[in-house]
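Right, one structure below, let's go through it.
Numbering of ligands and ligand atoms starts at 1, following listing order. Source: prediction; values computed, not measured.
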Amino acid sequence: MIVIMHPHATPDDVEQVKERLRQAGLRPYVAQGDERVVIHGHGNPRALDGQQVETLRGVERVVTVSRPYKLASREFRPEPTVVAAGGVPFGGDAIPIIAGPCSVESEAGLLEIAGFLRRAGGAALRGGAFKPRTSPYSFQGLGQEGLRLLALARQVTGLPVVTEVMAPEQVEQVAAYADVLQIGARNMQNFPLLQAVGRTRKPVLLKRGFMATVEEWLLAAEYILAEGNPHVILCERGIRTFETSTRNTLDLNAVAVAKSLTHLPVIVDPSHGTGHREYVIPLARAAVAVGADGLIVEVHPRPDQALSDGNQSLDFAQFQQLVEEVEAVARALGRRLFRHGDEPGRQAARDGTVTGAGREGRAGAGREGRGDGQPGLPRPGEPDVPVGPAAGGAAPSPRRAAAGGGN
Ligand code: PEP
Ligand code: MN
């Protein structure tokens with residue numbers, strides 16, 4: 001049973017509900033959002049009549065959820081949630097593409113990539129500063145310097161930044177630079193880390209563990225939501241199967257399944273999902289066709305020189321091709337690609353619609369989780385993305401390092 005408290009409910013009201021749940025043998029868990037409290041009563045759903053609880057002071061609504069994950073379930077919130085990440089909406093009609101190198105390697109290289117992506121239709125910049133590498137001898141990332149470079153690239157291009165955080169004690173440091181905190185596949189069940197990012201109000205990109213079921217993935221999301229952070233974007237990135245011709249098996253079933261079970265946006269990573277650049281574009285097309293709310297792809301100007309995941313990184317021409325082909329699939333399905341700087345007129349012309357809301361309008365147009373009467377946890381307003389001048393082609397990286405292996 002989930003009890004959604006009124007925004008003006010007092011701590012005493014919350015205590016009273018908790019006590020009522022306890023009396024019925026339910027264990028109360030409190031998720032403190034920014035605007036309201038949601039109390040999950042764990043235990044036998046028939047232990048207590050929801051209508052009775054609804055009469056308690058400060059209670060807005062009671063929802064009964066049969067799934068083990070509660071706040072993540074569609075029963076809790078039937079409407080899709082739109083997560084605004086640095087001003088880019090995930091989960092609405094527009095499909096954003098996050099792109100960038102596997103690892104941040106150098107200032108010149110990152111600015112070259114970010115400037116290109118901004119011009120080519122990228123919605124956000126990805127890049128690992130702290131890298132989870134299978135071998136301790138592989139490149140581990142630039143750490144703090146990588147974060148600084150990501151912030152610089154955002155300042156120059158206006159692209160919001162997505163980067164991985166690997167440990168609870170790193171969350172504050174990474175959150176000071178990132179627009180989106182990425183939880184990598186290897187950390188999907190690092191529960192203290194999930195709780196730590198749950199205590200922030202930063203959007204979280206939660207990758208599916210390569211041996212995790214969809215239910216385990218949604219329960220991992222629940223850890224974040226239960227701490228009061230409603231800004232969770234799920235990412236399917238391939239699972240480990242008996243197949244060896246690709247690095248992982250991109251589980252597009254899971255996208256369709258997850259979309260039916262949760263209101264959270266679900267995006268797809270065809271780079272790690274396949275491990276080979278030649279398969280990234282076809283699987284990106286397929287991901288959008290199956291209903292993905294976005295993509296995250298690895299792009300490098302010289303993939304053969306990348307310090308990590310060069311095999312699966314697209315070069316610039318391939319990224320341009322991906323954007324064109326994915327856009328065609330999106331349009332065939334009545335959706336569109338998210339692009340920075342799309343004025344309503346241009347967007348409308350592209351869509352063939354007569355009028356269109358601006359970017360802010362689209363992001364907030366009814367599918368947003370706040371203030372629309374839906375029981376989603378309250379979400380703080382996200383500042384719109386600072387649109388700086390698109391960077392010109394920066395000088396290529398002077399560093400010529402050996403191509404890195406897979407993570
Ligand atoms: C990455 O995005 O570079 C990465 C390490 O992803 P994953 O956690 O999915 O392997
Ligand atoms: Mn990678």
Open item on the list: Can you tell me how the ring of H263 sits relative to the ring of F76, calling it parallel under 30°, perpendicular over 60° and tilted otherwise?
Closed with: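 Judged by the thresholds at 30° and 60°, the geometry between H263 and F76 is tilted.
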TODO: Please state whether the rings of H6 and H8 are parallel, tilted or perpendicular, taking 30° and 60° as the class boundaries.
DONE: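 The rings of H6 and H8 sit tilted, inter-plane angle from 30° to 60°.
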Open item on the list: I want to know if ligand 1 touches E164 in the polar sense, i.e. an N/O pair below 3.5 angstrom.
Closed with: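 Min N/O separation from ligand 1 is not below 3.5 Å for E164.
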Open item on the list: Any nitrogen or oxygen of A185 lying under 3.5 Å from a nitrogen or oxygen in ligand 1? Just yes or no.
Closed with: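 Between A185 and ligand 1, an N or O pair is found under 3.5 Å apart.
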Task: Residues D293, R335: salt bridge by 4.0 Å N-O rule - done: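 Salt bridge present between D293 and R335.
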Open item on the list: Regarding R302 and E105, does a basic nitrogen lie under 4.0 Å from an acidic carboxylate oxygen?
Closed with: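 No, this pair does not count.
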Open item on the list: Nearest 10°: the angle subtended at the Mn ion (ligand 2) by H272 NE2 and C102 SG?
Closed with: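 It comes to 170°.
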Open item on the list: Which atom name would you report as the N, O or S atom of D309 nearest the Mn ion (ligand 2)?
Closed with: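 Atom name of the closest N, O or S in D309: OD2.
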Task: Which N, O or S atom of E298 lies nearest to the Mn ion (ligand 2), by name - done: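 When I compare the N, O and S atoms of E298, OE2 is nearest to the Mn ion (ligand 2).
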TODO: Check the pair Q144 / Q173 against side-chain hydrogen bond (donor to acceptor under 3.5 Å, both in side chains), numbers first and verdict last.
DONE: CA-CA 8 Å; Q144 170 65 30; Q173 182 190 9; 2.8 Å; yes
Open item on the list: Less than 4.0 Å is my threshold; does some heavy atom of K131 fall inside it relative to ligand 1?
Closed with: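 Distance cut 4.0 Å: K131 passes for ligand 1.
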Open item on the list: Holding to side chain to side chain donor-acceptor pair (under 3.5 Å), I want the full list of residues that pass it with N190, two or more places apart in sequence or in another chain.
Closed with: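 Expected list: N187.
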Where ligand 1 meets [X] - atom numbers and elements under 4.0 angstrom, heavy-atom basis:
{"X": "G184", "value": "8 (O)"}
{"X": "R237", "value": "7 (P), 9 (O), 10 (O)"}
{"X": "C102", "value": "3 (O)"}

- [ ] Compare all side-chain heavy atoms of M5 with those of V59 and state whether any distance is below 4.5 angstrom.
- [x]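 Yes, their side chains come closer than 4.5 Å.
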